[in-house]
Amino acid sequence: STTCVTVSASTDSISITGGSAICEATVTLTASDNTTKTLTIKVFDEMVMDIGDGLLIKFTNKYTWRYNDDENNADNYIGAFWQPNLSEDTTHKYTNDGWYAVGSYFQGLPSSSDYNNLISTNHPMVLIKDSKNAGLLAAPTSYTQRWHNHGSGGMYDGAVWKPVCPTGFVALGDVTGVEDDTPDTKAMRCIDESYTVEGSIGSRVYDNYGGWDDTELSIYQIVSPSSVTKPVDEDRMVLPAGTFVGCTSYDVNTCDTDTVHVLLIPVPVVEKSENVYEPKLTDYQPFEGDPNRPKFFSRVRLPFTLIPSLYPEVDTSVGGSVTIDYLVNNSPFCYLQRQETYKSLNVADNRQNSETGTLSYSMTESFSQTDTDTFSQKVGLKITVGGEASLFGSGGEWKVELSTEFQWTQSTATTFGTSTTTSSSFTVPAGVYAQVIQVITQFQAVLVNGSAVGAPMAGGQNTVKYLQYPLAE
């Protein structure tokens with residue numbers, strides 16, 4: 001059998017190294033005084049996520065060209081259709097080591113664009129694998145042609161096909177074909193419906209309005225739903241697979257939605273601080289929090305496409321260096337880390353007085369409601385005023401252990417949501433030194449290599465904390 005982890009110890013450190021297998025192990029550490037500590041170690045492939053029962057997902061941005069509408073003369077767009085290529089080289093391959101596509105990439109650009117700009121490497125798409133051969137994937141039984149460019153007079157022939165899945169399985173999007181040929185059943189896999197929910201039709205990426213095709217065509221992204229109807233475990237959220245649906249009309253309300261589905265994925269907490277940090281006064285000096293060294297509390301593992309600072313809607317790079325290509329091939333699953341920074345609002349030195357005093361503050365530097373709402377809508381993660389974290393990408397509120405219990409003992413803490421101005425005061429006992437600080441909750445995207453990427457994102461929660469030294473008897 002394969003060793004899950006290897007443990008080695010020296011006089012001042014302990015090293016735990018994962019093996020080559022995906023596994024979980026329990027390690028018990030014993031100190032010289034016989035105090036023990038038990039750790040649960042999970043070993044996983046950083047390029048892959050198990051969404052349940054050995055059903056694995058990863059991303060690709062490698063495609064084989066199938067069609068473009070050159071010389072079709074559509075008014076609004078130029079377009080190209082691509083099929084995920086699972087080969088390690090330039091030859092096209094439908095499957096590789098059990099991995100399959102779940103749909104095709106349909107690309108559109110404004111009609112004023114050059115066809116040379118129709119490149120595919122900036123689009124990530126999910127690949128899927130049934131690693132335990134548990135019957136979680138199935139080949140389509142057939143395809144139904146939605147559209148073909150008959151009558152266009154264009155340079156190439158192309159088509160859009162709807163996969164027809166076996167009972168109990170669903171497709172995550174449509175598939176393109178070469179000319180008028182029915183796609184190979186190896187071109188994609190249908191998914192056990194228990195790992196999916198119905199998605200929504202998102203933005204239009206292409207249409208052939210004004211062109212010479214005999215049949216209307218519009219292409220839309222498949223995105224997260226605003227609500228779901230079936231019961232779902234609270235520790236999961238939805239993941240659009242980067243797929244598309246074709247409609248034989250310019251009216252989105254007439255689209256066939258049989259293939260409009262998204263995945264359900266787990267949101268594992270991979271690291272959590274054991275000791276909740278408490279800002280406090282230890283002498284008659286103000287607490288000074290370093291905004292460049294935020295305090296860590298917990299982190300979850302997410303596909304990078306769900307983290308807005310890593311997958312912008314328009315820009316294809318982050319910070320000028322981390323590209324979509326880099327993320328797909330080096331850090332497709334990143335960490336969203338909850339952290340806190342601290343800012344002093346006011347201090348009061350009441351040591352020389354025999355009467356109580358007042359420590360007032362007014363805070364105007366809060367995060368905006370717009371930023372918080374945008375973060376919540378894109379990530380599906382909401383931090384309530386009370387500090388509870390929940391996932392609601394499906395319309396339900398699925399809880400995740402990202403919240404921090406504020407087990408602060410030194411004095412009073414007041415938590416509130418976004419605001420423009422907050423003003424209040426605290427009573428300061430005689431003979432003490434007091435301070436009011438702002439505790440700002442943030443979320444930071446972190447790559448597999450440990451690098452923080454993008455600016456921290458506001459999480460929707462602020463806390464004002466009153467500090468005092470010495471503590472009241």
Side-chain angles (χ1 to χ4, degrees), residues 59-87 90 92 94 101-127 145-149 152 154-163 171-179 183 187-188 199 201-213 215-223 240-248 250 252 255 259-260 262 304-305 311-317 323-325 327-329:
F59 287 92
T60 187
N61 65 335
K62 297 178 181 178
Y63 303 89
T64 298
W65 177 89
R66 284 289 184 256
Y67 163 80
N68 73 36
D69 66 349
D70 198 1
E71 297 188 3
N72 183 41
N73 298 319
D75 287 355
N76 302 318
Y77 298 93
I78 61 172
F81 301 170
W82 308 81
Q83 181 66 20
N85 183 3
L86 282 76
S87 303
T90 57
H92 183 78
Y94 285 125
V102 293
S104 298
Y105 173 32
F106 297 89
Q107 182 184 24
L109 291 176
S111 57
S112 59
S113 304
D114 191 295
Y115 277 91
N116 290 327
N117 293 329
L118 287 167
I119 56 176
S120 59
T121 55
N122 287 331
H123 183 75
M125 184 176 287
V126 166
L127 301 178
Q145 189 178 91
R146 292 194 190 273
W147 172 89
H148 187 280
N149 67 327
S152 71
M155 292 182 62
Y156 310 102
D157 290 327
V160 178
W161 300 81
K162 178 179 80 171
L172 300 183
D174 285 353
V175 175
T176 182
V178 178
E179 298 183 341
M188 57 84 64
I201 295 178
S203 301
R204 180 181 295 188
V205 298
Y206 173 82
D207 67 52
N208 64 354
Y209 178 79
W212 295 341
D213 299 318
T215 307
E216 295 179 359
L217 174 68
S218 53
I219 302 288
Y220 297 86
Q221 289 179 311
I222 297 175
V223 298
T243 49
F244 300 81
V245 61
C247 305
T248 54
Y250 303 136
V252 66
C255 290
T259 63
V260 180
V262 294
F304 81 92
T305 55
Y311 189 47
E313 293 182 355
V314 178
D315 190 8
T316 56
S317 66
T323 62
I324 299 300
D325 184 68
L327 291 166
V328 167
N329 295 288

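Note: hydrogens, waters and symmetry copies are ignored here, and every other heavy atom, side chains too, is used. Note that the coordinates shown come from a computational prediction; the quantities given were computed from them, not determined experimentally.
- Listed for the Thr64 side chain is no donor-acceptor partner under 3.5 Å among the backbone atoms of Asn85.
- A donor-acceptor pair is defined here as one N or O able to donate and one able to accept, closer than 3.5 Å; such a pair exists between the side chain of Thr176 and the backbone of Ala159.
- Minimum heavy-atom separation, Gln83 to Ala101: NE2-CB, 4.0 Å.
- Judged purely by atom type and a 3.5 angstrom limit, Gln221 has no side-chain atom pairing as donor or acceptor with the backbone of Val205.
- Listed for the Ser218 side chain is no donor-acceptor partner under 3.5 Å among the backbone atoms of Asp207.
- Side chain of Asn149 to main chain of Asp213: no donor-acceptor pair is present (N/O by atom type, distance under 3.5 Å, no hydrogens or angles).
- Note on ring orientation: taking the six-membered ring where Trp is involved, the planes of His123 and Tyr63 are tilted (angle from 30° to 60°).
- The aromatic ring centres of Tyr206 and Phe244 sit 6.0 Å or more apart.
- Checking side-chain atoms of Trp82 against main-chain N and O of Gln107 turns up no donor-acceptor pair under 3.5 Å.
- Judged as a ring pair (Phe, Tyr, Trp, His ring centres under 6.0 Å), and not counting sequence neighbours, the contacts of Tyr250 are Tyr209.
- Checked by atom type and distance alone, the side chain of Asp174 never pairs as donor or acceptor with a backbone atom of Val245 at under 3.5 Å.
- With Asp69 as the partner, the side-chain hydrogen bond (donor to acceptor under 3.5 Å, both in side chains) test is satisfied by one option alone out of Trp212, Tyr77, Tyr115: Tyr115.
- Of all non-hydrogen atoms in Val175 and Ala187, the two that sit nearest each other are CG1-CB, 4.5 Å.
- When every heavy atom of Val160 is checked against every heavy atom of Gly246, the shortest pair comes out as CG1-CA, 4.3 Å.
- Residues Arg146 and Thr259 are in side-chain contact: their nearest non-hydrogen atoms beyond the backbone lie under 4.5 Å apart.
- Proximity of a side-chain donor or acceptor of Asn208 to a complementary backbone N or O of Leu217 within less than 3.5 Å is detected.
- The aromatic rings of Phe81 and Tyr67 are tilted relative to each other, their planes meeting at an angle between 30° and 60°.
- The salt bridge (Lys or Arg N to Asp or Glu O under 4.0 Å) test applied to Lys62 returns no partner, not counting sequence neighbours.
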